[in-house]
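Letters go in sequence order (proteins before strands), and every chain restarts at 1.
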2 protein chains.
Amino acid sequence: MIRRPTLAVVAEAAGVSLKTASRVLNREPNVAAATRERVLDAATSLGFRRNAVAADLARGGFSRLVGFITGDLANEFYSALASGIERELREHGLQLLTASSDEDPEREGSLTGELLERRVGALIVTPAGADHSALRGEIAAGLTVVVVDRPAAGIDVDTVVIDNRGGTRAAVGHLLAHGHRRIAFVGDEPHLWTYQERSTEFLDVMHDAGVPDAERWLRSGAHDAAAARGLVAELFAAPEPPTAVLAANNRATVGTLQALRDVPGGDGVAVVGFDDFELADLLGITVVAYDAVEMGRRAAELAVARSAEPDRAVELVVLPTRVLPRGSGERPPR
Amino acid sequence: MIRRPTLAVVAEAAGVSLKTASRVLNREPNVAAATRERVLDAATSLGFRRNAVAADLARGGFSRLVGFITGDLANEFYSALASGIERELREHGLQLLTASSDEDPEREGSLTGELLERRVGALIVTPAGADHSALRGEIAAGLTVVVVDRPAAGIDVDTVVIDNRGGTRAAVGHLLAHGHRRIAFVGDEPHLWTYQERSTEFLDVMHDAGVPDAERWLRSGAHDAAAARGLVAELFAAPEPPTAVLAANNRATVGTLQALRDVPGGDGVAVVGFDDFELADLLGITVVAYDAVEMGRRAAELAVARSAEPDRAVELVVLPTRVLPRGSGERPPR
DNA sequence: TTGTAAGCGTTATCAA
DNA sequence: TTGATAACGCTTACAA
């Protein structure tokens, strides 16, 4: 259990003062070439490694860490976000500290606290809680907050979302154009912003298309595949079943496909899924796609920009979506 | 841009010394209830939040952060690992710092450096590099290192892997039991340890089963789906094509399925994939499955255990795999 | 039960 | 170009 050499030790070995050694190792100007050489030699021969903890403390204010609070790291959407964030942060010499809230507002709060104790320079959050006004004080104290995937209520911060309404409109339009009228919408939990955006737009488009009572085919609660499966099975057991399904997230798509496998003639039902997934291609599933990695990257970019310039105007980034026709969404109504 | 109150400010507001305030906020014993009360009140009313950076520095040694260096956070296998690690660390009041190496040994090295500067208490790594003896000094200096998914060469550290050979044996045995003899193996890059384990076992089992020249159907380089697809297409274009394919990782499985779609009679070819994936169920793909989240959890557990007791014996944890028959692996040879 | 004083390993200030 | 010396905000001996 050897102790690491400190900057002071390096300085002494090089025969210079602490400050000079610090200057060299931080690539600051105004150091004689010979001095620099000596310090560098001493550092490498001693195996010096700067202590970022001490550096951050001395610098005061924030550390060079950025916190990311997400719903569930095991979900491919969130991990794609994390990947994009991490890559962008690295470009700026920042490190990523991740934490999963399990979509639990209380847990989100305590994680926020822990990250703040770590003096993260910025917090990137996919908000689980309904109200984030507790962060207002932190923001006033200089904390950068960026939310991604859905807006945060109660605070006015940089936000990165996808065009949920546009994507929904395109998806429903796609099905309508293929002759469908009885279109079902299978969505996540009603309290989620993305659900609200997508379901509202669904109803609007259906209404505009002259389909009465589209609510009949609106379902919520498909937070996992099993739930979605049940909802879809139910839809097809009822009188007047739909001829097409818009599954409003990747879990819902999986559940929908599982359910349709068991429905007589289920393979004739048109399906469009929100969120692309790796095997959608192989399965021939038409989806509303967007770039989750890019979403994360943009969020990190905003975090960096705001840290550098706290007074800049708050930005809302809306990323585009597009329908990828792969067969399942192009089937005609029976 | 308000400055956060420090412990000293809280102490003053409560009319106690710095140390007493510290005691209260760290839940140390031997503080009068009334004093505690006053300090707590002062802390909340001032909006105090302890500075973990300063605390870690003062405590000396390592921070309460654990670093995880992984190949690619966007890959569902690695994010499952990360998820398991994060959950376990949280139980112990530790935080997770993630970084992606893109499977690049050089990058792995620099990331290691950055995490060490941050004085992480432990490093969990899915080794990309061939040689990790550079870490030997750090380990001697008290750093905990745990490797996961594949062993690290050059250092003797706690390791968590799955039973690659057993899984391969079971998969090949499964196909042999269904009457196959011409079984192809489509694997990742040859330099990867998992490839070596799996391919070697494949050849052994084939040999033991009396199949000569199994090498004919051994392919490597399927690091992504596209590469796998090409390899499989090639296999089936050649004379004496296989009647079954063992795809040695999740990417290879996807590529195999894509390729078989284009092969006449491809839907009659038996397929077993290494690594389970969400839609394997829906697609009816037989796989060799294991629990990646648990793998991460075990790695974190080892990291915590070793940090607490640096002299404990080095552990090698081998997690079991199991074959999940779902149809694709049970097709008879044509 | 409470307090004093000395670090922890940097960076920053200001003078030389 | 260099160097004392004081922060940074906390923990930990050691006293009282």
Rounded distance (Å) that lies between atom [atom2] of [N] and atom [atom1] of [X]:
{"X": "L18(A)", "N": "dT10(C)", "atom1": "CG", "atom2": "C1'", "value": "8 Å"}
{"X": "D56(A)", "N": "dT11(C)", "atom1": "CG", "atom2": "C1'", "value": "11 Å"}
{"X": "R23(B)", "N": "dC10(D)", "atom1": "CZ", "atom2": "P", "value": "16 Å"}
{"X": "R36(A)", "N": "dT1(D)", "atom1": "CZ", "atom2": "C1'", "value": "12 Å"}
{"X": "K19(B)", "N": "dG3(C)", "atom1": "NZ", "atom2": "C1'", "value": "10 Å"}
{"X": "L25(A)", "N": "dG9(C)", "atom1": "CG", "atom2": "C1'", "value": "13 Å"}
{"X": "E117(A)", "N": "dC10(D)", "atom1": "CD", "atom2": "C1'", "value": "12 Å"}
{"X": "E28(A)", "N": "dT2(D)", "atom1": "CD", "atom2": "P", "value": "13 Å"}

Q. So which one's nearest nucleotide on DNA chain C is more toward 5', T20(B) or R119(B)?
A.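 This one resolves to T20(B).
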Does [X] reach a base, just sugar-phosphate, or nothing at all? Heavy atoms under 4.0 Å.
{"X": "N26(B)", "result": "sugar-phosphate"}
{"X": "N30(B)", "result": "base"}
{"X": "R50(B)", "result": "sugar-phosphate"}
{"X": "V16(B)", "result": "sugar-phosphate"}

Q: Could you tell me whether the side chains of D102(A) and S100(A) share a donor-acceptor contact shorter than 3.5 Å?
A: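 Not at all, the side chains of D102(A) and S100(A) share no donor-acceptor pair under 3.5 Å.
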Q) Looking just at side-chain N and O atoms, do R64(B) and Q95(B) make a donor-acceptor pair shorter than 3.5 Å? A)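 On atom types as modelled, these side chains do not qualify, holding no pair under 3.5 Å.
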What's the closest nucleotide to the [X] side chain, out of [options]?
{"X": "S17(A)", "options": "dA4(D), dT2(C), dT11(D)", "answer": "dA4(D)"}
{"X": "R59(A)", "options": "dT10(C), dA12(C), dT2(D)", "answer": "dA12(C)"}
{"X": "T35(A)", "options": "dT2(D), dT10(C), dG3(D)", "answer": "dT2(D)"}
{"X": "L57(A)", "options": "dC8(C), dC8(D), dT11(C)", "answer": "dC8(D)"}
{"X": "N51(A)", "options": "dG9(C), dT2(D), dA13(D)", "answer": "dG9(C)"}
{"X": "F48(A)", "options": "dC10(D), dT10(C), dT1(C)", "answer": "dT10(C)"}

Q. Counting N and O atoms only, with roles assigned by atom type, does the side chain of R119(A) sit under 3.5 Å from a partner on the main chain of L116(A), one being a donor and the other an acceptor?
A.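 Here the side-chain-to-backbone pair exists.
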Q.
Closer than 4.0 angstrom, basic N to acidic O: yes or no for E91(B) and R87(B)?
A.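 Looking at E91(B) and R87(B), the cut-off is not met.
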(Q) Salt bridge check, E86(A) against R90(A): does any charged N sit closer than 4.0 Å to a carboxylate O? (A)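 Salt bridge flag = yes for E86(A) with R90(A).
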Q) OP1 or OP2 of dT11(C) sitting under 4.0 Å from any side-chain N/O of S22(A)? A)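 Yes.
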